[in-house]
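Here is how names work: the chains are called A, B, and so on, in the same order as the sequence lines, proteins then strands, and each is numbered from 1.
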Amino acid sequence: MEIPSKYEPQRVEEQWYSYWMKHGYFNSVPDDREPYSIVIPPPNVTGVLHMGHMLNNTIQDVLIRRARLMGKNACWVPGTDHASIATEAKVVAKLKEQGKDKFNISRDEFLDHAWDWTHEYGGVILEQLKKLGCSCDWSRTKFTMDDDMSASVIKVFIDLFDKGMIYRGHRMVNWDPEAKTTLSDEEVIHEERQGLLYYLSYQIDGSDESVTIATTRPETILGDTAICINPNDERYSHLKGKKAIVPLCNRVIPIIQDEYVDIEFGTGCLKVTPAHDINDKTLGEKHNLEVIDIFNEDATLNSFGLHYQGKDRFVVRKEISKELEEKGFLIKTEQHLNKVGTSERTKAVIEPRLSDQWFLAMEQLAKPAIDAVLKNNEVKLFPKKFENTYRHWMENIRDWNISRQLWWGQQIPAYYYGDGQNDFVVAESKEEALVKAQQAITSGGVKKVLTADDLRQDEDVLDTWFSSWLWPISVFGGILEPNNKEVNYYYPTNDLVTGPDILFFWVARMIIAGYEYRNERPFENVYLTGLVRDKQRRKMSKSLGNSPDALKLIEEYGADGVRVGLLLSSAAGNDLMFDETLCQQGKNFANKIWNAFRLIKGWEVSDLPQPEASSLGINWFGAKFNQTLVEIEDHFSKYRISDALMAIYKLVWDDFCSWLLEIVKPAYQQPIDRETYDAVIHLFEENLKLLHPFMPFLSEEVWQHIAVRTPEEALVVSQWPIDQKVNINLITEFDFASEVISGIRTIRKEKNIAMKDALELSLLNEENVSKNWDVVIQKLTNVSSISYVNKPVDGALSFRVKSNEYFIPMSGAIDVEAEIKKITEELDYTKGFLQSVQNKLSNERFVNNAPEQVVAMEKKKAADAEAKIETLEKSLASLG
RNA sequence: GGAGUGUUAGCUCAGUUGGUUUAGAGCACCGCCUUGACAGGGCGGGGGUCGUUGGUUCGAAUCCAAUACACUCCA
């Protein structure tokens with residue numbers, strides 16, 4: 001059989017993925033086994049795979065594949081969310097291209113377009129996850145707008161409303177004038193912008209005096225309803241109780257006093273615009289001020305804007321400042337750096353706006369979620385440092401504005417039957433609403449028969465997170481049927497893998513929902529990955545264009561290469577500086593394994609006695625493998641995925657390929673004995689099992705090349721190796737031997753002696769090292785004989801391992817000077833080291849206070865160093 | 001302005017309750033090696049006074065305080 005010398009991922013990836021799919025290895029149904037479940041953080045339905053998804057989903061796949069190999073009933077539920085604002089923005093843009101305007105078509109028509117869009121692009125990202133190798137149970141794929149998922153959302157809304165936790169409030173919200181919707185605080189990005197501070201003069205009513213205020217937003221003066229001064233500010237105390245006149249509109253407004261005003265800032269005199277600033281609103285409520293909203297919903301001015309009506313706020317800012325200047329109201333301007341809230345989605349500058357919104361009271365709900373993470377450890381965050389961030393947010397939690405002025409999403413099930421603020425009912429359907437509304441008006445004493453036409457459903461939809469906070473429950477049908485078999489089996493899920501940027505948006509809220517609706521945590525462990533950044537530490541984003549094309553990467557380096565590349569340097573919670581050379585490293589690793597396979601497969605097997613070296617090597621690797629296995633388990637238990645991978649990387653590359661295969665390798669064109677061959681194949685297979693979660697394609701490919709396998713014998717469903725007792729002795733002996741080998745190799749290098757020229761080795765075995773490994777040393781260094789001597793050999797090059805001394809006789813002149821120099825250097829180092837140890841030991845307080853073990857250790861160090869110094873000094877004496 | 005996290009080799013990071021050879025890994029770098037698995041390889045090597053300054057301790061990269069810088073979140 002001809003095996004290509006290079007591993008070709010493109011050739012095998014599709015083949016194995018469809019093989020896995022065909023045999024349904026990823027599908028899960030409840031059974032007697034222990035469940036292991038993960039729900040995917042649902043990506044936006046219209047999104048495409050980016051580096052963050054790749055990292056995130058690679059980690060999930062590693063966890064789920066490992067669980068599957070460990071015999072658990074592994075279930076990874078995939079899906080997408082409807083991303084109301086992002087998707088709606090895209091649909092609006094598409095309609096615009098077609099010359100249509102969202103506000104000229106009906107809601108139903110718009111939703112048809114949105115569904116078309118969803119069906120067209122909705123599957124893309126999930127298909128991309130398959131390319132990455134993700135072993136999701138695709139038969140369970142969910143979408144937050146699926147009928148059952150929406151029904152769950154509505155049911156929860158009604159339940160919370162009935163419990164009195166959802167209420168309607170007139171609040172100041174973050175208004176995105178471009179998308180014409182509300183944003184949550186978390187969707188607002190604060191940016192520093194260079195702006196101006198305008199100093200404006202307001203005349204005092206009934207006086208020639210005027211007062212100067214400083215503002216960053218001169219256009220909002222038209223909404224001013226007071227001037228505020230600090231009662232402790234003597235400069236203005238004479239103005240108490242007077243009134244001021246707003247420039248241009250000539251409105252007469254009160255001058256109020258409040259300690260809120262910062263005396264130092266600007267002129268220490270503040271204009272109050274309750275409709276357009278959250279702090280001003282608070283002041284307004286406190287002092288009973290009028291509220292004048294000067295903006296339309298697209299942030300153009302309304303009729304309060306006088307002759308600026310219909311113009312955009314930024315245009316007005318320029319024009320009004322000019323007019324103010326011309327009319328003598330503008331005293332001066334100053335450069336001013338201020339923080340401006342912008343929309344995460346549309347980049348528009350946020351306008352604080354008063355409007356009617358739906359809120360969910362959070363304080364009570366949050367309590368069990370706080371305890372779960374911070375008190376009883378039912379939910380563990382990895383890395384732990386995020387607990388502080390979590391605490392800070394949860395303990396200062398604010399009510400959640402769950403309404404969005406959009407169409408794409410679950411429409412709020414509130415039905416208005418009259419004009420009053422509270423003339424509404426909340427119900428699952430219009431029919432039910434009608435009954436409730438009828439009851440409401442009847443009990444209110446009104447004698448009127450309502451019809452469906454009298455009801456008007458709230459226009460707004462629910463925040464997308466109000467769908468996804470139910471995700472771990474709703475994907476298993478646990479909201480609609482709380483006692484169904486699926487949710488009882490899979491819930492709580494085991495691990496959640498996501499980015500720290502949505503710790504509050506999503507993770508905290510899922511924990512809240514979990515306790516509210518299942519009285520149980522939604523997951524046990526939360527692994528928070530870092531953000532993927534580029535080499536200049538910039539966050540990868542579409543707008544910067546610094547994100548590599550995920551699928552192109554897979555094409556170039558293979559899915560396994562990319563997975564390894566992403567994981568190699570992504571310590572939990574630390575940002576990952578993405579660099580394509582990491583993928584190259586992953587690709588190289590795949591190739592290394594492939595070639596190890598080629599080597600073994602190329603051997604001719606024969607019935608020969610097993611060489612001593614092979615037997616030793618195999619036993620040693622067995623021990624090393626078990627030691628590494630324990631280490632890997634430990635890494636996994638701490639979610640140190642990249643450390644686990646590195647341990648396997650070194651096990652396979654260094655221990656298996658560089659050491660074991662070299663030890664057992666038969667001479668050129670010679671056959672290998674069957675016993676060794678079988679053992680090496682077995683060990684190789686065990687390695688492939690460890691590799692599989694990280695490199696599923698390559699490992700399956702090699703596995704299937706090694707032998708003909710039935711579907712039941714596929715690697716994807718094989719058995720994770722079981723821990724066995726580690727023979728530490730073999731490992732220490734080997735380590736010593738490898739140092740000897742390294743010493744000989746160094747001498748070959750230094751003296752330029754080719755490998756084919758055999759050497760002779762003598763040694764002073766002060767350490768009393770076992771002779772067992774001599775055969776291995778001889779094989780790997782081409783040493784023809786090893787003799788044990790009891791005094792230094794003259795005219796030989798030497799090196800030392802611990803206090804053993806090794807000699808290689810040289811024909812020709814030995815560079816005595818160089819030898820002396822080398823030994824002197826080693827001697828100096830060892831003496832320095834001994835000194836530092838002796839310093840400790842001569843310190844009485846150390847000897848008296850330190851634990852016995854530590855003192856014993858130091859004594860051993862000293863003894864070892866002394867022995868070595870003795871050896872070195874003897875060598876020096878014999879040379880000089 | 002408030003809170004948090006971090007600062008260890010050229011880069012990315014380990015260093016698990018202070019003691020395991022005067023700090024480790026991977027990559028990068030520098031030599032040498034074109035023979036028979038793999039140049040996407042092999043062998044060998046150099047490289048850090050652990051941000052700074054104090055303190056606690058017999059002993060500090062590790063604990064405490066101050067300070068500088070970087071990042072994140074909140075206002």
message = With salt bridge (Lys or Arg N to Asp or Glu O under 4.0 Å) as the rule and sequence neighbours excluded, what pairs involving residues 588-600 of chain A come up?
response = none
Protein and nucleotides 5-7 of chain B: nitrogen or oxygen contacts under 3.5 angstrom:
residue: B:U5; atom: OP1; partner: A:Asn388; partner atom: ND2; Å: 2.9

request  = State which residues pass ring pair (Phe, Tyr, Trp, His ring centres under 6.0 Å) with A:Trp175; sequence neighbours excluded, sorted by chain then number.
outcome  = none
remark   = Sorted by chain and number, sequence neighbours left out, ring pair (Phe, Tyr, Trp, His ring centres under 6.0 Å) with A:Tyr649 holds for A:Phe589, A:Trp653
Between the protein and nucleotides 58-64 of chain B, which nitrogen or oxygen pairs come in under 3.5 angstrom?
residue: B:C58; atom: O2'; partner: A:Asn843; partner atom: ND2; Å: 2.7

ask   = Dot-bracket for RNA chain B, 5' to 3', with Watson-Crick and G-U pairs under 3.5 Å, [ ] for crossing pairs and | for other-strand pairs: what is it?
value = (((((((..((((.....[....)))).(((((.......))))).....(((((..]....)))))))))))).
query = Quick one: salt bridge (Lys or Arg N to Asp or Glu O under 4.0 Å) pairs with a partner in residues 644-658 of chain A, sequence neighbours left out?
reply = none
query = Does A:Tyr677 have any ring pair (Phe, Tyr, Trp, His ring centres under 6.0 Å) partners at least two apart in sequence or in another chain, and if so, which?
reply = none
Counterpart residues, ring pair (Phe, Tyr, Trp, His ring centres under 6.0 Å), relative to A:Phe734 (two or more places apart) = A:Trp620, A:Trp659, A:Trp773
Restricting both atoms to N or O, compile the protein contacts to nucleotides 48-50 of chain B shorter than 3.5 Å, with distance only.
none

Interface polar pairs with nucleotides 31-33 of chain B, N/O, under 3.5 angstrom:
residue: B:G31; atom: N2; partner: A:Lys749; partner atom: NZ; Å: 3.4
residue: B:C32; atom: O2; partner: A:Lys749; partner atom: NZ; Å: 2.9

task = Could you list all the salt bridge (Lys or Arg N to Asp or Glu O under 4.0 Å) pairs where at least one residue sits in residues 732-754 of chain A, not counting sequence neighbours?
result = none
